[in-house]
Colleague: 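Okay, handing you the structure first.
The chains referred to below are lettered A, B, ... by the order of the sequence lines, with proteins before strands, and numbering in each begins at 1.
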Amino acid sequence: GENVEQHPSTLSVQEGDSAVIKCTYSDSASNYFPWYKQELGKRPQLIIDIRSNVGEKKDQRIAVTLNKTAKHFSLHITETQPEDSAVYFCAASKVNAGKSTFGDGTTLTVKP
Amino acid sequence: EPEVTQTPSHQVTQMGQEVILRCVPISNHLYFYWYRQILGQKVEFLVSFYNNEISEKSEIFDDQFSVERPDGSNFTLKIRSTKLEDSAMYFCASSTDRGSNEKLFFGSGTQLSVL
């Protein structure tokens with residue numbers, strides 16, 4: 001089955017700096033890659049997603065890039081703010097499959 | 001904005017007891033899911049449900065687990081005989097996209113504690 005690896009497990013940055021979180025997946029048939037943000041004690045919330053027919057997608061300060069050949073995708077957060085502090089999960093799934101496989105999560109801390 | 005709602009928010013039970021976790025997905029969504037998250041760990045897929053039947057399930061979802069959509073709004077997860085290792089946060093999720101599990105909307109979760 002699909003295996004998703006996520007790095008780093010923890011990331012600390014200064015406010016205003018950029019943060020990058022990387023994920024690799026094993027199943028070349030996976031074609032949908034969402035990123036979720038989970039604040040302490042809260043539900044995961046989708047922040048951005050990308051399909052395999054696109055190499056990059058941007059939404060204000062966040063962007064996701066996908067390299068299908070290398071089977072990896074990354075989340076980029078620019079101009080980080082303290083409220084960006086949370087656990088971020090990547091996931092991979094296939095169209096017509098019910099299952100999303102999540103990475104282990106990255107705890108991002110943005111220091112003011 | 002519509003939300004997935006889950007009840008109860010916390011459930012404490014004795015080992016061997018049955019529990020039912022309840023969810024109300026977003027009303028126009030077609031796909032329903034249960035995930036769980038053990039404290040400090042990743043989110044793990046349990047089961048997906050579409051058109052009144054299970055479409056996929058994980059190894060975790062053994063014979064002790066079952067799901068049901070008893071009416072047009074509720075979606076339930078039953079654990080027949082709980083074990084200590086079932087203690088986790090259980091998230092219900094729903095999505096609307098046909099043929100995929102894109103754009104999951106998660107509920108706020110039920111924290112299950114098995115003693």
Colleague: With only heavy atoms counted, which part of A/Gln6 is less than 4.5 Å from chain B, the side chain, the backbone, both or neither?
Modeller: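 No part of A/Gln6 comes within 4.5 Å of chain B.
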Colleague: Can you label the angle between the B/Tyr35 ring and the A/Phe102 ring as parallel, tilted or perpendicular, going by 30° and 60°?
Modeller: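 Ring orientation of B/Tyr35 relative to A/Phe102: perpendicular.
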Colleague: Of the backbone (N, CA, C, O) and the side chain (C-beta and beyond), which part of B/Phe91 lies under 4.5 Å from a heavy atom of chain A, both, or neither?
Modeller: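 Side chain only.
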Colleague: Who passes ring pair (Phe, Tyr, Trp, His ring centres under 6.0 Å) against A/Tyr88, sequence neighbours left out?
Modeller: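 Checked A/Tyr88 against ring pair (Phe, Tyr, Trp, His ring centres under 6.0 Å); zero matches.
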Colleague: Go through the atoms of A/Asp104 and report whether side chain, backbone, both or neither lie under 4.5 Å from a heavy atom of chain B.
Modeller: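 It is both, since atoms from each part get that close.
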Colleague: Just so I understand: if I count every heavy-atom pair under 4.5 Å between each of A/Ala91, A/Gly41, A/Gly103, A/Pro34 and chain B, which residue has the most?
Modeller: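 Winner by heavy-atom pair count: A/Gly103.
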Colleague: Taking atom CZ of B/Arg80 and atom CD1 of B/Ile20, what is their separation to the nearest 0.5 Å?
Modeller: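 Answer for the CZ-CD1 pair, B/Arg80 versus B/Ile20, is 10.0 Å.
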Colleague: Nearest heavy-atom pair of B/Ser87 and B/Val114: which atoms, and what distance?
Modeller: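 Closest pair (atom of B/Ser87, atom of B/Val114, distance): OG-N, 2.9 Å.
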Colleague: Do the rings of A/Phe73 and A/Trp35 sit parallel, tilted or perpendicular, given the 30° and 60° boundaries?
Modeller: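 Judged by the thresholds at 30° and 60°, the geometry between A/Phe73 and A/Trp35 is perpendicular.
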Colleague: Hey, which of B/Leu46, B/Ile54, B/Val47, B/Val43 has the most heavy atom pairs under 4.5 Å with chain A?
Modeller: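 That would be B/Val43.
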Colleague: Go through the atoms of B/Glu44 and report whether side chain, backbone, both or neither lie under 4.5 Å from a heavy atom of chain A.
Modeller: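 Looking at B/Glu44, nothing touches chain A.
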